[in-house]
Amino acid sequence: MDIKQRIDQLVEKLNKWNYEYHTLDNPSVSDQEYDNHIRELEKLEGKYPQYIREDSPTKRIGGLVLDKFQKVIHNIPLFSLSNVFNETEINSFDERIKKENIVPDYICEPKIDGLAVALTYEKGLLVRAATRGDGTVGEDITNNVKTIRSIPLKLKEEVNIDVRGEIFMTNESLIKINKEREKAGLNSLKNTRNAAAGSVRNLDPRVTASRKLDAFFYHIPNPLDYNINSHYDALKYISELGFKVNPYIKLLSDINEVNKYISEWRNKRNDLAYEIDGIVIKLNNIKDQLILGFTSRYPRWATAYKFPAEEVNTKLKNIIFTVGRTGQVTPNAIVEPVIIQGSTVSRATLHNEKNILNKDIRIGDDVLIRKAGDVIPEIVKVNKNRRDGKEKKFIMISQCPVCGSKLEKVNSEIDYFCVNKNCEARKIENLIHFVSRDAMNIEGLGERIIEDFYNLNHIKNIPDIYKLNVYKKELIDLEGFGEKSINNLLESIEVSKKNSLEKLIFGLGIKQVGVKTAKLLAQKYLTIDALMKATFEDLKNLKDVGPIISENIIKYFFTPENQSVITELKELNINTNYLGKIKFELENKKMYNKKMVITGTLNKSRDEIKELLEDLGAQVTNSVTAQTDVLIVGENPGSKYQKALELGIETWNEEIFNKNIN
Ligand code: IVH
């Protein structure tokens with residue numbers, strides 16, 4: 001057997017084993033045998049790169065670390081789903097369908113709690129994977145998606161097809177990752193959905209690969225093009241092509257069957273290895289789907305039944321108070337730990353004094369707690385019949401639990417505030433907010449680390465974050481750190497200096513200025529200086545701002561300490577400009593996102609051509625693939641020219657190139 005044949009054989013064997021293991025959950029060889037083969041393949045590919053195949057399993061890893069993801073426009077938008085919450089609403093969904101003289105049968109599918117992905121295959125090869133984004137424009141996450149073993153790089157048929165599904169993380173993987181993160185002093189990932197989304201949107205494919213993601217597929221946008229007349233057949237087809245389709249999907253003959261399926265899954269959902277947050281109900285017949293069509297956001301032929309928030313009984317052990325960034329003091333319940341919807345809950349919010357008194361919540365009570373989706377768990381009610389008289393009545397505190405100053409009710413009948421601006425709790429919360437994801441997004445500076453660095457006097461205010469490198473030696477020696485994690489942290493701090501203005505504005509923690517308002521302000525004023533000069537009148541008239549927020553903004557920038565924070569940040573080279581405009585300009589460039597390759601000898605040097613193209617927004621790469629838009633061809637072109645011809649890619653000679661860049 002010659003080398004090429006051996007490589008082909010190895011790739012096919014390994015892909016088959018991979019499919020059996022990750023898609024069918026039914027391995028036929030040992031891990032060791034798989035590893036031996038992959039090692040042999042790696043060796044051969046190293047020596048004979050000319051034989052590397054597009055669908056080689058070694059191509060799953062090895063994508064480049066990116067600066068940012070490229071935008072992708074979806075040919076057919078990714079729609080969302082309308083929601084229904086009870087049997088009455090499910091039945092009216094059915095009635096709306098019957099009004100169109102349709103005799104429906106339905107497919108019910110577990111609603112996977114992950115993130116949607118759109119895959120594009122050309123001639124059976126995976127050429128692009130994109131996130132949903134806003135439904136019309138997503139992000140190119142191809143390299144990351146290739147690391148997910150259950151997603152085929154090559155299909156069983158050489159078809160051109162778009163397939164959509166959900167990437168998710170199992171509960172077990174999340175627990176494992178969080179254990180490792182805890183060891184490394186990093187924040188825990190909140191739930192499987194956030195963890196999956198964060199992993200897929202990591203700029204380094206190696207991180208994605210380490211996160212053990214999985215995916216189910218449930219949709220092709222244009223089934224009729226493949227002579228498919230029912231959703232059931234569409235699922236069967238994609239499963240035959242090599243995709244993982246959820247095994248619990250069921251074809252049901254009427255809405256009563258649907259209701260039965262749903263009530264069974266209300267209990268069974270907790271037995272699954274992954275989270276589902278509802279059941280998707282889809283009309284089976286494709287022609288019937290077409291009759292119903294879409295609204296601007298949803299198909300009318302499908303809907304999602306959402307499971308109710310889960311409620312669990314537990315014991316209220318204590319009530320503690322936390323001080324937020326604005327000084328607001330919130331009572332929190334410490335409860336006997338219980339598992340609700342995949343996460344361990346040991347705390348619940350009690351909102352405020354009034355809520356506790358209304359519900360007559362006492363320490364020692366048996367309570368019912370509820371958690372829905374991302375929201376903070378809360379106490380629904382007290383099981384008063386379980387009281388034994390030892391419960392302690394609640395008394396609201398009158399002094400800040402951290403600095404001891406007297407609490408006040410500010411602009412509110414209900415909430416108490418610590419009004420001491422120098423309260424350590426408030427300062428720490430402010431710093432935590434500044435580094436959080438929607439703000440400056442500094443990875444590796446979790447809540448506990450901020451608190452530690454604050455207590456060590458390394459970070460007392462926002463600018464200190466950018467002076468942390470002074471303590472590098474000391475930090476490396478701290479328990480739980482090390483050179484690598486401190487280098488990563490300092491790198492992440494450095495990267496954050498380039499953030500666009502809206503992240504900084506949000507991070508400053510101006511009262512009531514959320515992500516949306518921060519963005520609006522950045523877009524309107526473009527620089528922090530302009531924003532600082534804005535008058536109350538200017539601000540008040542902005543959409544979504546109004547007099548209260550305007551006053552907060554004016555007050556914030558009027559305060560000398562805040563002014564010196566901004567001055568210091570500028571001195572430390574933190575970007576204070578809005579960058580979205582630049583991006584917008586880039587997106588409008590003539591060759592934005594065009595993938596160009598150069599071959600042969602041209603009058604201008606390669607570097608010169610590359611620079612000209614990049615100035616126009618193009619990306620210049622080295623090899624011709626199906627994704628290449630244009631090949632620029634000089635004298636004596638190489639094999640790239642041949643390949644471009646085979647793939648039907650546009651080619652420009654130097655004359656056309658010159659014309660096009662002008
Ligand atoms: S169908 C036109 N099926 O739920 C087809 N979506 O809340 C629209 N999802 O954006 C989607 N499991 O990310 C469909 N079995 C399933 C699903 C599912 C999870 C997600 C999907 C969608 C979101 C809508």
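Just the heavy atoms: all of them, side chains too, but no hydrogens, waters or symmetry mates, feed the values below. Counting starts at 1 for both ligands and their atoms, following the listed order.
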Self-check item: Nearest candidate to atom 1 (S) of ligand 1, where distance is taken over non-hydrogen atoms, out of Lys282, Arg164, His219
Solution: Lys282

Quiz item: Looking at Tyr19, is Lys156 sitting on its ring face, NZ or CZ under 6.0 Å from the six-membered ring centre and within 45 degrees of the normal?
Solution: yes

Quiz item: Should one rank Tyr218, Phe217, Tyr298 by closest heavy-atom distance to atom 18 (C) of ligand 1, which comes out on top?
Solution: Tyr218

Quiz item: Are any of the N or O atoms of Leu115 closer than 3.5 Å to those of ligand 1?
Solution: no

Practice problem: Starting from atom 12 (N) of ligand 1, find the nearest protein heavy-atom neighbour and note its residue, name and distance. | Solution: Ile112 N, 3.1 Å

Self-check item: Ser80 neighbourhood, listing ligand 1 atoms whose heavy-atom distance to it stays under 4.0 Å
Solution: 24 (C)

Self-check item: Where ligand 1 meets Glu109 - atom numbers and elements under 4.0 angstrom, heavy-atom basis
Solution: 3 (N), 15 (N), 16 (C)

Quiz item: How about Asn441 and Ser496: do any of their side-chain heavy atoms sit closer than 4.5 Å?
Solution: no

Quiz item: So is Gly114 in contact with ligand 1, going by heavy-atom distances below 4.0 Å?
Solution: no

Exercise. Identify which one of Thr131, Asn144, Val145 satisfies the side chain to side chain contact (heavy atoms under 4.5 Å, CB included) criterion when paired with Ile167.
Key: Val145

Quiz item: Which of parallel (below 30°), tilted (30 to 60°) and perpendicular (above 60°) describes Phe168 and Phe216?
Solution: parallel

Quiz item: Considering only protein heavy atoms, which is closest to atom 10 (O) of ligand 1, and at what distance to one decimal place?
Solution: Phe79 O, 3.9 Å

Quiz item: Is a side-chain donor-acceptor pair under 3.5 Å present for Asp94 with Tyr106?
Solution: yes

Exercise. Output yes when the distance from some N or O of ligand 1 to some N or O of Lys111 is under 3.5 Å, and no in every other case.
Key: yes

Quiz item: More than 12 non-hydrogen atoms from neighbouring residues, nucleotides or ligands closer than 6.0 Å to CG on Leu224, yes or no?
Solution: yes

Exercise. Select one of side chain, backbone, both or neither to describe which atoms of Ala302 lie under 4.0 Å from any atom of ligand 1, heavy atoms only.
Key: neither

Quiz prompt | Nearest neighbour of atom 9 (N) of ligand 1 from the list Gln289, Glu166, His231, on a heavy-atom basis | solution = Glu166

Exercise. Identify whether the distance between the nearest side-chain nitrogen and carboxylate oxygen of Lys371 and Glu310 falls below 4.0 Å.
Key: no

Practice problem: Could you list which atoms of ligand 1 come closer than 4.0 Å to a heavy atom of Val280? | Solution: 3 (N), 15 (N), 16 (C), 17 (C)

Self-check item: Arg193/Asp113 salt bridge by N-O under 4.0 Å criterion
Solution: yes

